[in-house]
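Below, each value reflects all heavy atoms present in this structure, side chains not excepted, and no hydrogens, waters or symmetry copies.
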Number of protein chains: 2
Amino acid sequence: MSTATPTSRSLADAFTAKGLRLTAQRRVLLEIIESATSHLDAAGLLQLARDRDARINRATVYRTLEILKKLGLIDELDLMHLNGEKHYYEIRTGRDHIHLACFECGRIEEYESPVFDQLKQEIAQKQGFSIGVVRMEVGGRCSICVRANSREQ
Amino acid sequence: MSTATPTSRSLADAFTAKGLRLTAQRRVLLEIIESATSHLDAAGLLQLARDRDARINRATVYRTLEILKKLGLIDELDLMHLNGEKHYYEIRTGRDHIHLACFECGRIEEYESPVFDQLKQEIAQKQGFSIGVVRMEVGGRCSICVRANSREQ
DNA sequence: ATTAATGCAAAGGATTTGCAATACC
DNA sequence: GGTATTGCAAATCCTTTGCATTAAT
C-alpha cells in the first residue's frame, strides 16, 4: 500500500543498486517476500527462511525488513491487530489497496478504488503533504459473515 | 476515526448504561480522555491519571482502554509508529478523519474529506463490508517540512 | 452481600541492541 | 583486506495475566 511504483525488477536488484551486500540470508529472505502469497509476519518469514537455510537468525529478519521498509519496497501492516501486535509485510506493487479485516472470520480482503487514489491526491494537493506511505485498514464484518448471521444483531 | 456517532453524552454515561461500575479510577481516566487535547498513549494516560490520584495502576489503564475500544467509544491509532510501537487513543467524535504523520518533524495533522466518507460508503456498498472501525494513516513530509527543505531531495 | 474491579508483580510477545565472529565485495 | 553483515543472547518496550484484596452497586 504505497504511492510510488518501485522501479527495480527485483528486491535483490534494489539491494545491489544501493550498494547493500547480497548475502545468502538476504537472498533467501527477499525471494520469500517476493513470492509470498499471503501476508507474512516476522516470525513466519523467519520460519520459511529457516526451512531453506537453518542458519538464518531472527535479528537478520528484522534488520532486513527494516531496510526494505526504509527503501519503500515493502509496506508494513497491522491488519487491525486481529492476531496480536505483530506486523505483517507485503511487497509494494504499483497499486495501493485497502485492507479489510473481518473481526468474525479473520479473513483479510484487499480493496482498491479510484476514490482511494483520488483521496490521496487530494491530501497531497490540498494539504501540501508529501506522501511516502499510506495505510488504510478497515475492521468489521465481511459480506459472508454479515449474510451468515443476518438474524443475529 | 470511526463510523457510528456515539449516542451517549459522556463516557461515564456509557459505562453506567452498560452496567459497568463507575470506580474512582475510571472516573479519572474517562475525564482525562474526554478532555485530552492531544493523542494519548497508555503511559501518558497513566501519568496524567496519577497526577490526580496516585493509586491508579497501569493494568487499570489498559483494562479501561480495552473496554472503551470494544464499546467503540475510542479509536486506537498507531500514528505510523513514529515513536515506537505503542498505541495512541482518541475519543470518537462524529467525524472520521485521517492522520497525517510527518516523518521529519513528527507532527500529526488530522484531515477530513467528503471523499474519505465516499470511500467508506463505497466499501460498504460494493464490497458488502459492514464497517466497524476505519483507520487511515499517511506517512511522509508535512507542507512545512517540504517547503523548508525544498532544495534537498 | 455479591461480584466486578483493582493492585501487584510477574509473565508474555514482539522487536531491538551490543559486540565479537563471519563473509561479501 | 576492509567493512558491512551476521549470530547470539540479553535487553527493551509495550501490553497482558493470575490472583488475592478492595470497593461499587
Side-chain angles (χ1 to χ4, degrees), chain A residues 11-30 32-33 39-50 52-71 74-89, chain B residues 11-32 39-50 52-71 74-89:
Chain A
L11 297 179
D13 287 352
F15 261 60
T16 49
K18 285 278 175 187
L20 295 163
R21 292 184 183 173
L22 214 47
T23 63
Q25 291 91 329
R26 285 178 176 173
R27 247 184 261 273
V28 169
L29 291 171
L30 299 184
I32 292 170
I33 291 169
H39 299 120
L40 287 172
D41 60 11
L45 179 54
L46 174 62
Q47 188 51 60
L48 288 177
R50 278 191 166 152
R52 294 208 208 175
D53 182 341
R55 292 173 307 165
I56 295 180
N57 187 268
R58 177 169 49 242
T60 300
V61 170
Y62 279 105
R63 289 191 273 236
T64 304
L65 288 171
E66 186 61 25
I67 293 170
L68 289 168
K69 244 193 295 177
K70 284 209 175 127
L71 294 181
I74 58 170
D75 281 308
E76 189 176 69
L77 314 171
D78 292 312
L79 300 184
M80 291 314 277
H81 307 119
L82 232 55
N83 295 301
E85 292 308 311
K86 64 192 167 197
H87 295 132
Y88 295 88
Y89 301 90
Chain B
L11 298 180
D13 287 351
F15 261 60
T16 48
K18 285 277 173 185
L20 294 162
R21 293 184 183 175
L22 215 44
T23 64
Q25 292 90 330
R26 284 178 176 175
R27 246 183 261 272
V28 169
L29 292 171
L30 300 184
E31 277 174 23
I32 292 171
H39 299 118
L40 288 172
D41 60 11
L45 179 54
L46 174 62
Q47 188 51 60
L48 288 177
R50 279 192 166 151
R52 294 208 208 176
D53 183 341
R55 290 173 308 165
I56 294 180
N57 187 268
R58 180 170 43 246
T60 302
V61 170
Y62 280 105
R63 289 191 272 234
T64 304
L65 287 171
E66 185 62 25
I67 293 170
L68 289 168
K69 245 192 297 175
K70 286 211 173 123
L71 293 181
I74 58 171
D75 280 309
E76 189 176 69
L77 314 171
D78 292 311
L79 299 184
M80 290 317 274
H81 307 118
L82 233 53
N83 295 301
E85 293 309 312
K86 64 193 168 197
H87 295 132
Y88 295 88
Y89 300 90

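Between L46(B) atom CG and dC13(D) atom C1' the separation is 15 Å, expressed in whole Å. Atom C1' of nucleotide dA5(C) and atom CG of L65(B) are separated by 15 Å, given to the nearest angstrom. Separating the CG atom of L40(B) from the P atom of dT15(D) is a distance of 13 Å, rounded to the nearest angstrom. Going from atom CZ of R50(A) over to atom P of dT6(D) covers 14 Å, rounded to whole Å.
The existence of a salt bridge linking E66(A) and K69(A) is confirmed by a sub-4.0 Å separation between a basic side-chain nitrogen and an acidic carboxylate oxygen.
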### Query
Given D78(A) and H87(A), is the side chain to side chain contact (heavy atoms under 4.5 Å, CB included) satisfied, shown in steps?
CA-CA 5 Å; D78(A) 292 312; H87(A) 295 132; 2.9 Å; yes
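The closest donor-acceptor contact from the side chain of D41(B) to the backbone of G44(B) lies under 3.5 Å. Between the side chain of R26(B) and the backbone N or O of T64(B) there is no donor-acceptor pair closer than 3.5 Å.
At the phosphate of dT6(C), OP1 or OP2 sits under 4.0 Å from a side-chain N or O atom of R26(B).
With rounding to the nearest 0.5 angstrom, the CD1 atom of I56(A) is 13.5 Å from the CZ atom of R58(A).
Among all heavy-atom pairs drawn from N57(B) and L46(B), the shortest one is C-CD1, 3.9 Å.
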Listing time: all N or O pairs from protein to nucleotides 22-25 of chain D that are below 3.5 Å?
| residue | atom | partner | partner atom | Å |
| --- | --- | --- | --- | --- |
| dA24(D) | N3 | R21(B) | NH1 | 3.2 |
| dT25(D) | OP1 | L22(B) | N | 3.1 |

## Note on the structure
5' to 3', nucleotides 9-18 of chain C under a 4.0 Å protein heavy-atom cut-off (B base, S sugar-phosphate only, - none) gives -----SBBBB
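The closest side-chain donor-acceptor pair between Y88(A) and E76(A), if any, does not fall under 3.5 angstrom.
Dense packing is recorded around CZ of R50(A), with more than 12 heavy atoms of other residues, nucleotides or ligands lying under 6.0 Å away.
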